[in-house]
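Quick caveat, the model's predicted, so the values are computed rather than measured. So you know, we letter chains A, B, ... as the sequences are listed, proteins then strands, and number each from 1. Heavy atoms only: backbone and side chains are in, while hydrogens, waters and symmetry mates are out.
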Amino acid sequence: NAGVTQTPKFQVLKTGQSMTLQCAQDMNHNSMYWYRQDPGMGLRLIYYSASEGTTDKGEVPNGYNVSRLNKREFSLRLESAAPSQTSVYFCASRRTGQSEQYFGPGTRLTVT
Amino acid sequence: QKEVEQDPGPLSVPEGAIVSLNCTYSNSAFQYFMWYRQYSRKGPELLMYTYSSGNKEDGRFTAQVDKSSKYISLFIRDSQPSDSATYLCATAPGSARQLTFGSGTQLTVLP
């Protein structure tokens, strides 16, 4: 089992460019999440998907879109990147009925 | 006021010391409590999980929840340099759909 995988590991974008962060899990979990982590701010929820076909906004959704492609995959898109989106992005998944979430290794994004 | 407050540290201790990491929370609806460990440049990994009040022990780690004072603790006995990491507390209400995280405490165990 690979658990939660994320691609790419690193990315540098110029302001205004777009990109999609990919996440996949092989644990047959129904719920998936996207977080960003900034120094001193902890983990902040961007979007989550309680099940295939549904998505909901979290604490900091502005500037992002998501797609729950199927049960395994949940992608995060930045349509027009801004320097304020420089961060480390984590994907996580959770089994229905449990509260603990399992995280991927993260994507380090720098927007210049 | 944040729903979960955690002293960011940094905290440095000598090898073999007992470490106490703490969080406070404000929402009395929180029932699930977790501790995650995050090594530098890695994703958070689940370390301990407890439901409601009480203690839970796993090897050198003990998680403690006091719901009356809304206080969460993680104790590490016989700390090792390999315990050097950032420790994040997390809580969830009964629905358990979303977690609320503390900002993390950076711990260094010196050999």
Side-chain angles (χ1 to χ4, degrees), chain A residues 1-10 21 23-25 27 29-51 54-61 87-110, chain B residues 1-10 21-27 29-52 56 58 61 63 65 72 74 85-106:
Chain A
N1 276 0
V4 180
T5 57
Q6 292 183 237
T7 55
K9 286 187 169 55
F10 303 94
L21 283 65
C23 173
Q25 52 92 11
M27 296 177 283
H29 289 173
N30 283 318
S31 299
M32 297 185 73
Y33 303 79
W34 276 106
Y35 292 89
R36 60 179 288 173
Q37 187 176 40
D38 303 289
M41 304 290 285
L43 285 159
R44 292 185 292 168
L45 183 64
I46 304 171
Y47 271 94
Y48 69 98
S49 171
S51 61
T54 69
T55 60
D56 286 288
K57 294 178 181 179
E59 181 185 353
V60 288
S87 188
V88 183
Y89 291 86
F90 291 102
C91 177
S93 69
R94 178 181 69 87
R95 184 184 303 278
T96 301
Q98 296 180 345
S99 57
E100 58 268 38
Q101 296 178 16
Y102 296 88
F103 285 80
T107 294
R108 291 186 169 272
L109 175 67
T110 300
Chain B
Q1 183 194 4
K2 292 183 183 177
E3 282 195 293
V4 180
E5 298 277 0
Q6 185 174 8
D7 186 340
L21 303 168
N22 307 293
C23 291
T24 58
Y25 65 94
S26 57
N27 189 341
F30 288 145
Q31 296 187 46
Y32 299 90
F33 304 92
M34 277 145 271
W35 284 94
Y36 284 83
R37 178 175 62 195
Q38 185 175 22
Y39 290 115
S40 181
R41 297 185 168 264
K42 302 289 186 184
E45 59 173 321
L46 182 65
L47 189 61
M48 298 283 285
Y49 164 76
T50 56
Y51 173 73
S52 197
K56 183 173 183 179
D58 184 1
F61 298 89
V65 177
I72 315 163
L74 177 70
T86 296
Y87 291 80
L88 300 136
C89 61
T91 68
S95 63
R97 182 168 284 190
Q98 294 186 35
L99 293 178
T100 301
F101 286 87
S103 55
T105 299
Q106 186 180 344

- Test side chain to side chain donor-acceptor pair (under 3.5 Å), reference A:Tyr35, set A:Arg44, A:Gln101, A:Glu59, output is A:Gln101
- Per-residue contact mode, A:Phe10 against chain B (heavy atom under 4.5 angstrom): side chain
- Donor + acceptor pair across side chains of A:Asp38, A:Ser87 (<3.5 Å): yes
- Item | B:Gln106 CD: over 12 foreign heavy atoms closer than 6.0 Å | no
- Message: Taking every non-hydrogen pair under 4.5 Å, which of B:Gly43, B:Ala90, B:Gly102 racks up the most with chain A?
- Response: B:Gly43
- Query: Distance only, no hydrogens: is a donor on one side chain within 3.5 Å (strictly under) of an acceptor on the other, for B:Glu3 and B:Tyr25?
  - Reply: no
- Item | Structural part of A:Gln6 lying under 4.5 Å from a heavy atom of chain B | neither
- Measure A:Leu43 against the heavy atoms of chain B and call it side chain, backbone, both or neither at under 4.5 Å. both
- Note on the structure: Value for CZ (A:Arg94) from CD (B:Gln98), rounded to nearest 0.5 Å, stands at 9.5 Å
- Query: Contact part of B:Glu45 toward chain A, heavy-atom cut-off under 4.5 Å: side chain, backbone, both or neither?
  - Reply: neither
- Message: Rounded at 0.5 Å granularity, tell me how far OG1 in A:Thr55 sits from OH in A:Tyr47.
- Response: 7.0 Å
- Contact part of B:Pro44 toward chain A, heavy-atom cut-off under 4.5 Å: side chain, backbone, both or neither? both
- Side chain, backbone, both or neither of B:Tyr36 within contact of chain A (heavy atoms, under 4.5 Å): side chain
